[in-house]
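The model shown is predicted, which means the values in this text are computed figures rather than measured ones. Here is how names work: the chains are called A, B, and so on, in the same order as the sequence lines, proteins then strands, and each is numbered from 1.
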Amino acid sequence: MRPLLLQGGRVIDPSRSLDQTMDVLIQDGKIAAVGTGLGSPDGADVRDVRGKVVAPGLLDVHVHLREPGNEDVETIASGTRAAAAGGFTAVCAMPNTDPVTDNQAAVGFIVRQAARAGLTRVYPIGAISVGQKGEQLSEFGEMVGAGAVAVSDDGKPVASSHMMRTALEYAQTFGIPVADHCEEPTLAAGGVMHEGLVATRLGLKGIPAAAEEIMVGRDILLAELTGGHVHLCHMSTRGSVELIRRAKERGVRVTAEVTPHHLTLTDLACEGYDTQAKMNPPLREAADVAALRAALKDGVIDCIASDHAPHAYDAKEAAFDDAPFGVAGLETAFGVAWTELVEGGVLTAAELIARMSTAPAAALRLPGGSLKPGAPADVVVLDVTARWTVDPVTFFSKSRNTPFAGRTLTGRAALTVVGGTVVHPGEGPSAA
Amino acid sequence: MTAVLGKDLVGLEYLSPDQIRLILDTAEPFKEVSERPIKKVPALRGKTIVNLFFEASTRTRISFEFAEKRLSADTVNVAASGSAVQKGETLVDTAKNLEAMRIDMVVIRHPSSGAAQFLGDRIRSNVVSAGDGKHEHPTQALLDLLTIRDTHGRIAGLKVCLVGDILHSRVARSNIWGLLKLGAEVGVCGPATLMPRGIEELGVCRFRRIEEAIEWADVLNVLRLQLERMERGFIPSLREYYRVFGVTQERLERAPRQLTIMHPGPMNRGVEIDSRVADGSHSVILAQVTNGVAVRMAALYLLAGGRPELADAAKGPAGGANE
Ligand SMILES: [Zn+2]
C-alpha cells in the first residue's frame, strides 16, 4: 500500500482538541504521523490539501442499507459508495432488512458484503427481537460474535416496556447499547406528519410530539432501572431534549442522535404535500429545531446521524398518505450540517467534526474518530469552501429521495480514506 | 385556459376573496338554467370531463354530473375503488392515462388529502376537487356560501358555526377558509376528540358546548358524523353524542335569534340533527343541494376559460341550447 501524505491542511482532531495547519502521513493503513513539515516517504502519494479540513473520517451510526431484501433501492455496495462520497468512513447498518438481521448468519452476511465492496466500513446493528416482532429476544451474543455493535428494532419502536427492559439488561453482558426508535405506537398510529397547525390545514393525520417523548421518558427510566445503555435514535422534539438533559445530569447511561433534516427543516416543508418532507419522526416546529441545535452544541445530543433511508425512485411519487417515510441522507449530511450549523454560527468547525466523528464513535463505543498516530487511517479531507447544488441524479446512492434537492450547500468531502485506502473519489493524484 | 381561477380548483385556501365572489356571482345566472324545461346551455360544448371517484359519493357525483350535462360537456364517470390497487400507484398511472387521452377536465374525489393537487400538478387538464381526504371540499363550501348569501343577503359580519367532527372534515376546512375570506366570523363546536390541533390559529373561535354555539351564531352548519368515529373511540356512543352535541328543537328554541340551519348531507337524523330541525322552516338544506349544481356549473365554466362577464350570455335564451 502506497503511503499517503496530506500536506498543509487544517487538521481538526476533536479526540485530541487539535485544530491547526499540519501534515498527516498515512502508512500501512494507519496514521503514521501528524505534524508540520513531514517528509514524504519514497513512492508516497502526496496530496496538497491546503485550504481544506483534514479530520477523522465521519461516522454515521444510523443508516438503512436495504440489503438483503431491497437491493433495487440500495445495496451495501451502493450505500457504502454513497457514504464514502459523503465523507463517512464507517456506518452502522440498521437491521430492518428483509429478512430481518436478527441472527449471526444475517450479521455475517452484512460484514461479508461490506468487505466485498471494500469502501466505507459497515458495523451491523442486530435486531432486538426475532423478526423485529417485539416478542422474543434475538441472540445478542451470537450477533456480537459475528460483528454486531448494537441492537435495535429501528424502523419500529419497542412497543413493550418489558421487552425494552429485558434488552437493556441482557445487552450489558456484551457491552452493547440498545438503540430505540422512540414512537408510542397507539399515539402515532396512522400519522404522516407532525401534529400541529400545518397538519390541520393540510388535513393530514398528525404524530404528536408526546408520541416520541413518552418513549424517551420510558427508555430513560428503564436505563436507570437496569443500568443499561440506551441510545435514542433521531430525536425530534424539544421535550425529548429536556428529558435527555435531565437524565444525563442524573448520570443515566443515555446517548442520543439527531438528523441533519431535523436540525434544519420544519413541518412547513410538508406544504404542497411534498412527500420528500415525509419522514419518521416527522419534521417538527421551529422551537424544536432551535432546541435540537442547542442540545447538539452542548452535548445533550451526542451526535448527528443521517437516518439514510433510501426509497425507490417512484415511491415518493404518490399522495402524501401513501408515500413512504424517509430521506436518503448520506451524501447531503455534511454539506447541510456545515452550511446550516457552521456557516449559520451554531457550531464551530471543530464542534461539527466532533459531532460527526469522535462523538458518534464514543456513543456506540466504536473504533475511529481520531487521528492519533497508530489509529486506523480513517480520514476525510473536507473542502469547506466548495459550493455545490444538490442534484439527486448525481447521487451514488441508488435512491433520490431528498428534501434538499436544488439547495446550494457549502462543504463536501474531497477525499475519503478508509484504512489507508482512498475510497472517494477514487484513485488518481488530481482527485483531491 | 384561464387565469381567472388558475388551472385547478383544489381548495378555497388558495383562492382570493375576489375569486370566491366571482364564482358565487357567476353561479347566479346558472341557477335559472336549472329552472327551465330544457335544462341545457352550450357553454362547454365539445369539452370532455372525467368524473373520477376513488370514494363512493352519490350526491356530489350526481351534482357534478348535472352541472356538466347542463353545460353540454361530454362526461365519463370512473368509479375506482381504492381497495383493489395501491392507491398511490393508481393515482400516478391514472394521471398519465388521463393525460394521454387529452381530456379537458377532471373532477376528482379521493380519500387522500392532497390527491387533487397531486393530479393537478401532473396533468395539463383542469382539475376540480370533489373532496380530498380531510383536506378540502371546495365546491361544497362554495354552495354553502351561496346559500348563506341567498338567505341573509350577505356573508360579511355573519356568525357561522360549524358543528361536529371538525378533525376529519374537509367540508369544515373549506368553509373556514371561504367564510373568513368573505368576512364572516367563524365558530367551531364539537367534542374535543374531534377538534384538530391549532384550529383557533386559523382565526376561528371554539365553543366547547353546543348551547354556547347556538347562543352566538346566526348560522349553524351541522356536519355529518361518520358512524365509524364511534367505533374508533372518538366518542362513546351516538346516543351520548346526540344528547351533548345534537342540534335539537329544544336547544334552538332557547336561542336569542332565529338560526339558519345547514347540513352538507347525507344526514344522520337523530345523531347530529333533530328531524324537526332538519325539516323545519329555517332549514336551508335542500336549497344547498339546488345551489350545488349552479355553483359547480360556475366553477367548471370559469375553469374552462369562460369569461365571467359572458356567463349571462353563455346561458343563452331560454331553451336556446336545445339540440
Ligand atoms: Zn427510526
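- For the pair B:Arg109 and B:Phe53, the cation-pi criterion (under 6.0 Å, within 45° of the ring axis) is not fulfilled.
- Neither the backbone nor the side chain of B:Arg170 comes within less than 4.5 Å of any heavy atom of chain A.
- Cation-pi geometry between B:Arg209 and B:Phe207 is not satisfied (NZ or CZ under 6.0 Å from the ring centre, within 45° of the ring normal).
- Ring pair B:His110/B:Phe54 is tilted by interplanar angle, where 30° to 60° counts as tilted.
- Top candidate by heavy-atom pairs under 4.5 Å with chain B, chosen from A:Pro208, A:Gly272, A:Gly206, A:Ala315, is A:Gly272.
- Options B:Gly11, B:Gly114, B:Pro196, B:Gly198 differ in how many heavy-atom pairs under 4.5 Å they form with chain A, and the most are formed by B:Gly114.
- Taking the six-membered ring where the residue is Trp, the centroids of A:Phe325 and A:His311 are separated by 6.0 Å or more.
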